[in-house]
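Notes follow the structure.
Quick note: numbers below take in every heavy atom, side chains included, and nothing from hydrogens, waters or symmetry partners.
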Amino acid sequence: MWGFQFTSSWGFCRESGLNQIISYKTFVNIVLLTILSQSVLGNITHAEGVLDLRTRQVSVGESIPLKENWQFYWNMFLDPQNLDRKFQGLTIEHQFWNKHKIDGKSIPAIGYGTYQLQVLLNSEDVGHQLALYIRENNTASRFFINGRAIGEVGKPGKDLENSTGSWQPTVLGFEAISDTLDILVHVSNYEFRNGGLGRPVLLGSLSTLEKQKQGQVLRDIFFIGIYFALGLYHLGIVILRPKDLPSRWLSIVFLLWISRLLFAGNYTILMLVSSIPLSVLMRIEYLSLYGLFVSTLLYFSYVYQAYLIPRTITGVKTVGAVFILTVMIPDSIIVSTIGGIFLILIPLLAIFPFIALIRAARDGNTEARTTMLVAILLFLGVLNDILYTLDIIHSQFVVPYAFLAFIIGQAFIIARSHTNAYSESIRQSREKEVLLNEVHHRVRNNLNVVVSLLRLEARKERDPENAIDALHESVRRIQAMTLVHDRLYNSGNFASIELKPYIQTLITEISRTLSITHINFSLNVEQLNLDLNRAIPCGLILNELLTNTVKYAYSSGESGEVNIALSADEKTINLIVSDNGPGIPEAIQSDKRSLGLHIVSMLTEQLDGQLKIENRNGAHVTVSFPQQTIY
């Protein structure tokens, strides 16, 4: 139920139904597992050193965890054929003996001992093939049923030299020749942080437990295949896009999961190579654990880097590097202890990417909301496995399933992201096609403008001696047009340009070409953008007004000041150029004798604007034109 409340609070219901389905199924599975576990254990009765299963029938398919009421004898290997009851056993409530005390002193993890439990069977189970399923052994054990050895995992001994540790899950079969099973287990530990039987031993029919073990191995192989394919896929993305850091770390996550499934849990690798020393296997398992968790954190960190606390990525890498280096420590006990410390740190380290996810979700990032749900499922799975590994709860390893939910969620996000990217690429391609056609149209129009300007100069100048000056005038006009295109190209926005930097550059170019040092230009320009159809005429108008002011208002070289103002209201853009010179003679204003004013007048008409020329302590020219684009 809390899954649905969380969903609604974050607005996940606006997403696809996938999130609610995952949450619903997870909730139902948790409820079913709880009900089943209660039904399995509900009819079992316990006494000190005795487990009464006479109301159950083990041979028909049930598997019973033997996790309580073991009698434990420290520093003793009791004789299974002559079980001497003169020794006082310690009732074990945990699978690890170092969680208990003798005479007020904690039992050390290093050493050996005997576990003993009497199981009372239903008479219907007599004569059937039963078995014990040792899922994870810490670290060497030999099993006896009614005084007869049925097998061992590793080789228990009274010292390190005579002991060989093993974590290989093993099913040990035997025939139930009576309705009483005296189970005796010799256990030794010299390489792990905890001593004891490890995961609770399962009692059931031989066929049921063998199928259960095979099913778990097949499950691991199935996940290995999935992670291998996904790892190769994201590795291919990294090869094609080396700067794609999220894909790089996600590919590492998948490949490390393969290592995790091979070297931990069901230890699938031991089906292929049975001679791997426990100390080596332990180091590989912890190396994959450290690398997997750090890589997962880094994947989240790079995806939501903008929402992270500063230096989080550096901190994660540093912590990961420190723990990875610890696997080189020669003492296996220390390596194992550090591994236990890391398990405790995992929830603390996971806080940082969760903070980033929360910030991104609050910022309206829909992908973060989807990731939040699958990340919570993954986190709960990790928390379950940590508590299970530390023997705080008795459940099952569920991280592979939680990670599968995470993969489904991420696949959904990646698929949607790639779809959006493809749609965006199509849209941009179409925009570029439209823009390219527009560029051809504008270039043709601009060339026509250049031709018109040159023709105007040609009609005006009859004196060959003034032809060079006329050409220079034309060059400056073409440069004013070129600057517009430069601005468009450099900004990456082919639709419009920002006027203020354009005007500043235009003034610089005019000052440079005319060698102006005695005039001060003052700008009062708002942040406005113009499309190319209006930017070209506006630039040419400004070029003509500034050039005429420089050439005629201050022709004798005296100092002066030119003011350029650009403003806009809801409907109109106003361009004002004024100076403190002698002003423009009325005769020139009336018949537009000046070619520059003639050009300004024509361009103003092109903008569907109005031209106003006044003398107010100097020339004062105002060009007003509508906000809307004129084509």
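Residue Leu130 holds its CG atom at 9.0 Å from CD1 of Ile145, rounded to the nearest 0.5 Å. A distance of 12.0 Å separates CG of Leu172 from CZ of Arg142, quoted to the nearest 0.5 Å. Atom CG of Leu292 and atom OH of Tyr286 lie 14.5 Å apart (nearest 0.5 Å). The CE atom of Met282 lies 8.5 Å from the CZ atom of Arg193; values are rounded to the nearest 0.5 Å. Taking OG of Ser106 as the start and CG of Asn98 as the end, the distance is 8.5 Å to the nearest 0.5 Å. Rounding to the nearest 0.5 angstrom, the gap separating the CZ atom in Phe77 from the CG atom in Leu184 is 10.0 Å.
Of all heavy-atom pairs spanning Gly165 and Ala140, the tightest one is CA-CB, 4.2 Å. Nearest approach of Gln168 to Ser166, heavy atoms of both residues: N-OG, 3.2 Å. Annotation for Gln57 and Glu62: closest pair O-OE1, 3.9 Å, computed over non-hydrogen atoms. Closest non-hydrogen pair, Gly204 versus Leu209, comes out as N-CD1, 3.5 Å. Gly173 approaches Leu206 most closely through the heavy-atom pair CA-CD1, 3.8 Å. Closest heavy-atom contact between Ser205 and Thr208: OG-OG1, 2.6 Å.
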Trace of the side chain to side chain contact (heavy atoms under 4.5 Å, CB included) decision for Ser295 with Leu256
CA-CA 9 Å; Ser295 299; Leu256 285 173; 3.6 Å; yes

Test side chain to side chain contact (heavy atoms under 4.5 Å, CB included) on Leu270 and Phe263; report intermediate values, then the result.
CA-CA 8 Å; Leu270 296 177; Phe263 293 94; over 6 Å; no

From CA spacing to verdict: side chain to side chain contact (heavy atoms under 4.5 Å, CB included), Thr326, Ile334:
CA-CA 9 Å; Thr326 61; Ile334 296 177; over 6 Å; no

Show your reasoning for whether side chain to side chain contact (heavy atoms under 4.5 Å, CB included) applies to Leu261 and Thr268.
CA-CA 7 Å; Leu261 291 170; Thr268 309; 5.5 Å; no

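No side-chain donor from either of Glu210 and Tyr133 sits under 3.5 Å from a side-chain acceptor of the other. Asp125 and Asn122 share no side-chain donor-acceptor pair at under 3.5 Å. Of the N and O atoms on the side chains of Asp179 and Ser123, not one donor lies less than 3.5 Å from an acceptor on the other residue. A donor-acceptor contact closer than 3.5 angstrom is absent between the side chains of Ser336 and Glu191. In this structure, a donor-acceptor pair under 3.5 Å is absent between the side chains of Thr170 and Arg135. When only modelled atom types and interatomic distance are considered, Ser163 and Ser188 share a side-chain donor-acceptor pair under 3.5 Å.
When each of Trp167, Trp97, Phe96 is checked for a ring pair (Phe, Tyr, Trp, His ring centres under 6.0 Å) with Phe192, only Trp167 meets the rule.
At distances below 3.5 Å, at least one donor-acceptor pair connects side-chain atoms of Asn189 with backbone N or O atoms of Asn194. Using a distance-only test at 3.5 Å, with no hydrogens or angles considered, a donor-acceptor pair links the side chain of Lys213 to the main chain of Pro169. A donor-acceptor contact shorter than 3.5 Å links the side chain of Asn146 to the backbone of Thr180. Between the side chain of Tyr190 and the main chain of Lys158, a donor-acceptor pair closer than 3.5 Å is present. A donor-acceptor pair under 3.5 Å links the side-chain atoms of Thr114 to the main chain of Met76, judged by distance alone.
When side chains are defined from C-beta on, Val335 does not count as touching Asp331, because their heavy atoms never get closer than 4.5 Å. The shortest side-chain heavy-atom distance between Ile92 and Gln71 does not fall under the 4.5 Å cut-off. Under the 4.5 Å side-chain criterion, counting only non-hydrogen atoms from C-beta, Leu66 is in contact with Leu51. Looking only at side-chain heavy atoms (C-beta outward), Leu90 and Trp74 stay at 4.5 Å or farther from each other. When side chains are defined from C-beta on, Leu202 does not count as touching Ile134, because their heavy atoms never get closer than 4.5 Å. Within the 4.5 Å cutoff, the side chain of Leu287 has heavy atoms near those of the Ile324 side chain. In this structure, Asp159 and Tyr112 have side chains that are not in contact, with every pair of non-hydrogen atoms separated by 4.5 Å or more. The shortest distance between side-chain heavy atoms of Leu121 and Val126 does not fall below 4.5 Å.
Relative ring orientation between Tyr115 and Trp70 is described as perpendicular, the plane-to-plane angle rising above 60° on a 0-90° scale split at 30° and 60°.
Atom CZ of Arg54 is surrounded by 12 or fewer heavy atoms from other residues, nucleotides or ligands within 6.0 Å.
Taking Phe144 as the reference, His186 meet the ring-ring contact (aromatic ring centres under 6.0 Å, His included) condition, with sequence neighbours excluded.
Aromatic pair Phe72/His100: centroids not less than 6.0 angstrom apart. With ring centers used as reference points, Tyr290 lies under 6.0 Å from Phe342.
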